[in-house]
Amino acid sequence: QVQLVESGGGLVQAGGSLRLSCATSGPTFSNYHMAWFRQAPGKEREFVAAIRWSIGTTSYADSVKGRFTISRDNAKNTVYLQMNSLKPEDTAVYYCAARTTSQVIFTARSEYAYWGQGTQVTVSS
């Protein structure tokens, strides 16, 4: 019922910017938390950012604070991840995820039931 499709990944030089998009379909996402995770080769999938759709409350991993911004467009049913000042360490497959809303924003992978297919972000030195 829930479908998430990421786009916007690509190759960028260090210091550059990319905007990832996650198009959603299915239920009304105003009742959901949306998140971005990333996974580099040989590493665990890690939390990047999350947003409570209905009111826009956000949460960020320390590694991306001040550089990444998560947002949503209610009319387009799309969540975005604006990535600025990119570093080679940001290279990973980025995944969009969703879960039903709760009192807190979760950062653990196991808390998210719905996932997109991922989009590759590569940051060169």
Side-chain angles (χ1 to χ4, degrees):
Q1 185 178 6
V2 174
Q3 185 175 15
L4 309 174
V5 180
E6 303 98 330
S7 63
L11 175 65
V12 65
Q13 289 186 318
S17 299
L18 285 173
R19 188 182 74 165
L20 306 183
S21 299
C22 176
T24 69
S25 63
T28 302
F29 278 86
S30 61
N31 296 322
Y32 282 73
H33 289 173
M34 305 295 298
W36 289 95
F37 288 76
R38 66 186 182 186
Q39 187 167 22
K43 295 187 177 182
E44 296 181 351
R45 190 172 300 185
E46 64 177 359
F47 172 79
V48 176
I51 186 168
R52 187 171 181 174
W53 192 286
S54 61
I55 61 174
T57 304
T58 59
S59 181
Y60 296 93
D62 288 342
S63 59
V64 305
K65 285 182 179 178
R67 299 189 298 121
F68 291 10
T69 302
I70 188 170
S71 62
R72 87 293 196 197
D73 187 323
N74 291 341
K76 296 182 178 180
N77 292 323
T78 299
V79 63
Y80 302 96
L81 185 68
Q82 178 66 46
M83 305 184 295
N84 298 324
S85 301
L86 283 163
K87 305 175 181 179
E89 302 90 271
D90 296 318
T91 295
V93 177
Y94 283 71
Y95 297 89
C96 182
R99 60 156 289 130
T100 53
T101 192
S102 66
Q103 290 288 102
V104 299
I105 295 178
F106 292 99
T107 60
R109 292 179 297 165
S110 61
E111 296 291 345
Y112 290 84
Y114 308 103
W115 294 85
Q117 82 290 344
T119 185
Q120 177 71 48
V121 172
T122 302
V123 184
S124 62
S125 300

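These numbers come from the heavy atoms of this one structure, side chains and all, not from hydrogens, waters or symmetry mates.
- Following chains of ILVMFWY side-chain contacts shorter than 4.5 Å, one cannot reach Val104 starting from Tyr60, and the two form parts of different hydrophobic clusters.
- The backbone N or O of Tyr32 sits nowhere less than 3.5 Å from a side-chain atom of Thr101 that would complete a donor-acceptor pair.
- Checking side-chain atoms of Ser63 against main-chain N and O of Ala61 turns up no donor-acceptor pair under 3.5 Å.
- Heavy atoms only, all atoms of each residue included: Leu18 and Val12 are closest at CD1-CG1, 4.0 Å.
- Using a 4.5 Å heavy-atom threshold, the side chains of Arg67 and Lys87 count as touching.
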Begin with the C-alpha distance, continue with both residues' side-chain angles, and end with the deciding distance and a verdict on side chain to side chain contact (heavy atoms under 4.5 Å, CB included) for Leu20 and Met83.
CA-CA 8 Å; Leu20 306 183; Met83 305 184 295; 3.7 Å; yes
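- Between the Arg72 side chain and the Trp53 main chain, a donor and an acceptor come within less than 3.5 Å of each other.
- Although no hydrogens or angles enter the test, the distance criterion places no donor-acceptor pair under 3.5 Å between the side chain of Glu6 and the main chain of Thr119.
- One distance of note links CZ of Phe37 with CG of Leu81; it measures 12.5 Å at 0.5 Å rounding.
- To the nearest 0.5 Å, atom SG of residue Cys96 and atom OH of residue Tyr114 are 13.5 Å apart.
- Checking each of Asp73, Thr69, Ile70 against Tyr80 for a side chain to side chain contact (heavy atoms under 4.5 Å, CB included) leaves exactly one that passes, namely Asp73.
- No donor-acceptor pair closer than 3.5 Å links the side chain of Gln117 to the backbone N or O of Val5.
- Under the 3.5 Å distance criterion, the side-chain polar atoms of Arg38 are left unmatched by any main-chain donor or acceptor of Ala92.
- A distance of 13.0 Å separates OG in Ser59 from CZ in Arg52, rounded to the nearest 0.5 Å.
- Put simply, the side chain of Thr24 never gets that close to the backbone of Leu4: no donor and acceptor are under 3.5 Å apart.
- At a threshold of 4.5 Å between side-chain heavy atoms, the hydrophobic network of Ile, Leu, Val, Met, Phe, Trp and Tyr places Trp36 and Trp115 in two separate groups.
- For the residue pair Ser17/Asn84, the side-chain donor-acceptor check at 3.5 Å is satisfied.
- Side chain of Tyr112 to main chain of Phe106: a donor-acceptor pair is present (N/O by atom type, distance under 3.5 Å, no hydrogens or angles).
- Checking side-chain atoms of Thr91 against main-chain N and O of Val123 turns up a donor-acceptor pair under 3.5 Å.
- Cation-pi contact between Arg109 and Phe47: absent, since separation from the ring centre below 6.0 Å together with deviation from the ring axis within 45° is not met.
- In this structure, CD1 on Ile51 lies 12.0 Å from SG on Cys22, to the nearest 0.5 angstrom.
- You'll find the side chain of Ser102 reaches within 4.5 Å of the side chain of His33, heavy atoms only.
- Separation of atoms CG (Asn77) and CE (Met34) is listed at 9.5 Å; rounding is to 0.5 Å.
- Ring orientation note: the planes of Phe68 and Tyr94 are tilted relative to one another, at an angle of 30° to 60°.
- In this structure, Thr122 OG1 and Leu86 CG are separated by 10.5 Å, a value rounded to the nearest 0.5 Å.
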